[in-house]
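Reminder, nothing fancy here: chain letters follow the sequence lines and each chain counts from 1.
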Amino acid sequence: MKAHIAELINTALTALIADGTLAADTQPNILVENTRDKAHGDFATNVALTLAKAARCNPRELAQKICNALPASDKVTKTEIAGPGFINFFITQASAYAVVETILEQGKAFGRAQPNSGPRVQVEFVSANPTGPLHVGHGRGAAYGATAADLLEAAGMQVEREYYVNDAGRQMSILAVSVWLRYLEQLGQSFNFPSNGYQGEYVNEIAQWLMRDHGEAFNRPAVEVFADITPDEPQGGDKELHIDALIERAQAMLGDDYETVFNAGLNSILGDIREDLGEFGIHYQEWFSERSLTSNGDVDRALEKLQARGYLFEQEGNLWFRSTDFGDDKDRVVKRANGQTTYFASDIAYHMNKFERGFDQVVNIWGADHHGYITRVKAAIQALGYDPERLIVKLVQFAILYRGSERVQMSTRSGSFVTLRELRDEVGKDACRFFYVTRKADQHMDFDLDLAKSESKDNPVFYIQYAHARVCSVLRKLEEDGLSWDKTQGLAALQRLDSEVEKDLVTQMGKYPETLHNAALNYEPHTLANYLKDLAGDFHAYYNTNKMLIDDAELRNARLTLSVAVRQILANGLTLLGVSAPEQM
RNA sequence: GCGCUCGUAGCUCAACCGGAUAGAGCAACGGCCUUCUAAGCCGUAGGUCGCAGGUUCGAGUCCUGCCGGGCGCGCCA
């Protein structure tokens, strides 16, 4: 409908250019928007306002001329000039209601673009270090990333979801040592567990599995393990130096077995994360290993490429990337004097790798605490010869959990944090997925556990699902009464639905495709969540004021047709958000 | 200190590329109702969009400064 109106305006403008009212080189940007107030009709345009200056006449006058030049349309009942020079369009009920039939025809596809008609996009999200279970902070990134990806797919793009597995860093080594030490404890040895080690119970479990699969193969005397190790912090030393020394010692004493222990930790936790996300309704096309970037030579190749382009320099034995050439605060080390490449070097290689895989666009979903990295990564991309605009970074703020008005304390120390799994167990997958994306991603959010669990209309998830279930319920009741829904008759009788609530409902339904489109392109799932809440509200209002199961068959079928169309949109929208659309509650 | 980000009703949040009288839901207040689905429905009130300038036909939205909150500022990952 918007396109139709834009077409009418375009025709009018062409006529005005022909008669000299507008300059021949006029480049009109025709914006047709939904009106906020029903008194302003159904759609409005501000072209007269934007073109008034160039046309050197006042906006209302120009608006009048545009109106006069508008071609006739059987879909428009009248136009009005209002305010400073808006042109308001009132459309016929028949054309407004046509969307109902479209919804029923297209079903699940309603609102979605032609599949795979758009560019290839990669969305990388969560990518938490596999050193422990996901916590509630990761949950928001997971829900947001998954929904953003699904929305892009609905907008026609070819989407690949990817998890970057940080399996190469020091944190992983600390995990390996933690697992090994717990394993030694289980073999009856006792010593002070390093304060910087991973304390969570899951480390003990991994140690147990290690023992089950390998017996005592990795047993070594604790006195030898800790011999001459620089003291831990509680003993007056440095916890970082202490754990580093232990890592070195573990590698020396275990030899080739070190990798077995290391992989036991990595695979166990990664498996857990994969299962956790799977149960959260999130599935990846690719789990990309950081280690593979070193083994396949991408890191070296990326550095060579930067070298060849003249962006690397040496200082005090370290190799630096001159990121200040691209607006960064300071230059960054990519290779230390000891020959070790930095994490940033892996990141450069990773992004090079992404673009080499042919993605038109690369989206990174990061925790908000990583915002400082955007500049340097974009700098690297540009230095490698790619357009940095092709990388889109979306930041996700942490969520703060509340139980009623009381804040839930979380501590990442000593492994007592609230895990995503615990959250899912408590409030359920649907509420989790919905609540996480109901606020703008870069906004702090309060997550009320009690509200998420409540079965009342205050709970938006319940409220929307209930609207869906209500339609199902009415159809069941209909059947119990020995009747059935006649779609054809319903569609033919839609014009009988001329109350305000019904018109509002249809108007709201008509906005679904653009809501979806905008939510996808702006990476703003929360607008879809809000839309569904509004649609459910409109439907509940309708349901409360109009009885469905009435004797007048024509009217009954018209109302049911409208309701089934609402149900279709609710189901489509909920599915995109990763929330189920139950038939009864 | 420098950088990024946020600041909208008592609370939690919206506001479609800069558009018309800034909207919902809770809470508050007033009324109605006992139903095809489950305490529901209707209405009222509530605002200097952090503050001050600027840009223009028009600013919550863009620019500058200030105030306040969050985060970042390692050869860590």
Side-chain angles (χ1 to χ4, degrees), chain A residues 29 31-37 39-40 44-46 48-50 52-53 58-60 82-86 88 129 131 166 168-174 240 244 290 315-320 327-330 332-338 340-347 367-375 395 397-398 402 405 438-440 442-448 451 455-460 463 466 469-478 480-481 511 514-515 517-519 522 524 526-527 529-531 533-534 537 540-541 543-550 559 563 584-585:
Chain A
N29 181 12
L31 181 67
V32 179
E33 41 183 17
N34 302 308
T35 55
R36 210 173 285 178
D37 187 335
H40 299 141
T45 183
N46 63 350
L49 293 164
T50 58
K53 200 167 202 177
N58 89 52
R60 286 192 66 106
F86 290 100
N88 294 331
N129 282 346
T131 53
N166 295 113
R170 174 168 169 268
Q171 294 304 319
M172 284 307 300
S173 301
I174 295 177
E240 304 291 348
D244 282 340
E290 180 187 352
Q315 195 173 27
E316 292 163 17
N318 298 314
L319 195 59
W320 297 71
D328 199 4
D329 300 342
K330 51 179 89 165
R332 310 285 171 178
V333 171
V334 288
K335 193 184 248 181
R336 294 174 221 151
N338 66 9
Q340 282 258 304
T341 54
T342 62
Y343 178 86
F344 181 46
S346 295
D347 247 355
D369 53 340
H370 284 69
H371 67 74
Y373 300 87
I374 299 175
T375 312
L395 299 177
Q397 287 282 355
F398 291 127
Y402 283 84
S405 56
T438 201
R439 306 288 178 234
K440 210 183 272 179
D442 59 7
Q443 201 88 293
H444 299 269
M445 81 174 257
D446 293 343
F447 191 127
D448 186 339
L451 181 61
E455 297 193 352
S456 76
K457 61 155 293 196
D458 299 346
N459 180 351
Y463 189 64
Y466 182 36
R470 250 185 169 169
V471 180
C472 298
S473 168
V474 171
L475 291 175
R476 276 194 302 272
K477 189 79 178 19
L478 180 77
E480 283 168 23
D481 292 352
K511 290 179 188 168
E514 62 181 272
T515 301
H517 188 252
N518 290 335
N522 299 323
E524 292 185 338
H526 75 279
T527 54
N530 287 335
Y531 168 87
K533 214 164 21 174
D534 290 342
H540 285 305
Y543 182 89
N544 287 327
T545 48
N546 295 79
K547 221 163 149 58
M548 303 269 155
L549 304 182
I550 49 175
R559 286 178 179 169
S563 302
Q584 61 185 64
M585 303 193 63

Between [atom2] of [N] and [atom1] of [X], the distance in whole Å:
X: Arg36(A); N: rU61(B); atom1: CZ; atom2: P; answer: 14 Å
X: Asn46(A); N: rA59(B); atom1: CG; atom2: C1'; answer: 15 Å
X: Asp37(A); N: rA24(B); atom1: CG; atom2: C1'; answer: 16 Å
X: Leu451(A); N: rU12(B); atom1: CG; atom2: C1'; answer: 9 Å
X: His526(A); N: rG25(B); atom1: NE2; atom2: P; answer: 18 Å
X: Asn530(A); N: rC26(B); atom1: CG; atom2: C1'; answer: 15 Å
X: Asn522(A); N: rC17(B); atom1: CG; atom2: P; answer: 7 Å
X: Leu31(A); N: rG58(B); atom1: CG; atom2: C1'; answer: 15 Å

Say you pick atom [atom1] in [N] and the same atom in [M]; how far apart are they, in whole Å?
N: rG50(B); M: rU12(B); atom1: P; answer: 15 Å
N: rU64(B); M: rA24(B); atom1: P; answer: 34 Å
N: rA20(B); M: rU61(B); atom1: P; answer: 13 Å
N: rC17(B); M: rG58(B); atom1: C1'; answer: 15 Å
N: rC57(B); M: rC41(B); atom1: P; answer: 47 Å
N: rA39(B); M: rG31(B); atom1: C1'; answer: 16 Å
N: rG23(B); M: rG47(B); atom1: P; answer: 13 Å

Query - 4.5 Å side-chain heavy-atom contact, Ile550(A) and Arg559(A) - result: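 Side-chain contact under 4.5 Å: yes.
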Which residues pass the ring pair (Phe, Tyr, Trp, His ring centres under 6.0 Å) test with [X], not counting sequence neighbours?
X: Tyr531(A); result: Tyr512(A)
X: Tyr373(A); result: His370(A)
X: Tyr466(A); result: Phe462(A), His540(A)

Requested in this report: Return yes if some donor-acceptor pair links the side-chain N/O of Asn88(A) with the main-chain N/O of Ala44(A) below 3.5 Å, else return no.
Outcome: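 The answer is no, because no donor-acceptor pair under 3.5 Å joins these two groups.
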**Report entry** Check: Arg60(A) side chain, Ala48(A) main-chain N or O, donor-acceptor pair, under 3.5 Å
**Finding:**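 Flag not set: sc Arg60(A) to bb Ala48(A) has no pair under 3.5 Å.
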With a 4.0 Å cut-off on heavy atoms, is [X] in touch with a base, just the backbone sugar-phosphate, or nothing at all?
X: Gln443(A); value: sugar-phosphate
X: Leu395(A); value: nothing
X: Thr50(A); value: base
X: Ala52(A); value: nothing
X: Asn34(A); value: base
X: Thr527(A); value: sugar-phosphate
X: Asn88(A); value: base

**Report entry** Aro-ring/base stack Phe86(A)-rG19(B), d under 5.5 Å, angle under 30°
**Finding:**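 No; by the centre-distance and plane-angle rule, Phe86(A) does not count as stacking on rG19(B).
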Query raised in the report: Is the distance from OP1 or OP2 of rA14(B) to the nearest side-chain N or O of Lys533(A) less than 4.0 Å?
Result: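 Result: no.
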Report task. Applying salt bridge (charged side-chain N to carboxylate O under 4.0 Å, His left out), name anything that partners Glu33(A), two or more places apart in sequence or on another chain. Result ->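 Partners of Glu33(A) by the salt bridge (charged side-chain N to carboxylate O under 4.0 Å, His left out) criterion come out as none, since no residue qualifies.
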Query raised in the report: What pairs with Asp448(A) under salt bridge (charged side-chain N to carboxylate O under 4.0 Å, His left out), at least two apart in sequence or on another chain?
Result: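 None.
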**Report entry** Nearest-nucleotide comparison on RNA chain B, the residue closer to the 5′ end among Asp446(A) and Asn518(A)
**Finding:**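 Closest to the 5' end, via its nearest nucleotide, is Asp446(A).
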**Report entry** Contacts of type side chain to side chain contact (heavy atoms under 4.5 Å, CB included), residue Tyr543(A), not counting sequence neighbours
**Finding:**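 Checked Tyr543(A) against side chain to side chain contact (heavy atoms under 4.5 Å, CB included); matches are Arg470(A), Val474(A), Phe539(A), Met548(A).
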Query raised in the report: Got a sec, which residues hit side chain to side chain contact (heavy atoms under 4.5 Å, CB included) with His526(A), two or more places apart in sequence or on another chain?
Result: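 Only Lys440(A), Glu524(A), Asn530(A) meet the side chain to side chain contact (heavy atoms under 4.5 Å, CB included) criterion with His526(A).
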Query raised in the report: Can you give one letter per nucleotide of nucleotides 70-77 of chain B, 5' to 3': B if a protein heavy atom sits under 4.0 Å from the base, S if only from the sugar-phosphate, - if neither?
Result: SBSSSBBB
Query raised in the report: Reading nucleotides 36-44 of chain B 5' to 3', which nucleotides get B (base under 4.0 Å from a protein heavy atom), which S (sugar-phosphate only), which -?
Result: BBB--S---
Report summary line: Output field dot_bracket for RNA chain B (Watson-Crick or G-U, both distances under 3.5 Å, | for other-strand pairs) contains (((((((..((((.....[...)))).(((((.......))))).....(((((..]....))))))))))))....
Query raised in the report: Got a sec, which residues hit side chain to side chain donor-acceptor pair (under 3.5 Å) with Arg170(A), two or more places apart in sequence or on another chain?
Result: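 Testing Arg170(A) for side chain to side chain donor-acceptor pair (under 3.5 Å), a comparison that skips the adjacent residues, returns Glu240(A), Asp244(A).
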Query raised in the report: Of all residues at least two apart in sequence or in a different chain, which pass the side chain to side chain donor-acceptor pair (under 3.5 Å) check with Asn34(A)?
Result: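 Testing Asn34(A) for side chain to side chain donor-acceptor pair (under 3.5 Å), a comparison that skips the adjacent residues, returns Glu514(A).
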Query raised in the report: Between Gln171(A) and Thr131(A), does any side-chain donor sit less than 3.5 Å from a side-chain acceptor?
Result: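 Their side chains do not contain a donor-acceptor pair, so the 3.5 Å distance test is not met.
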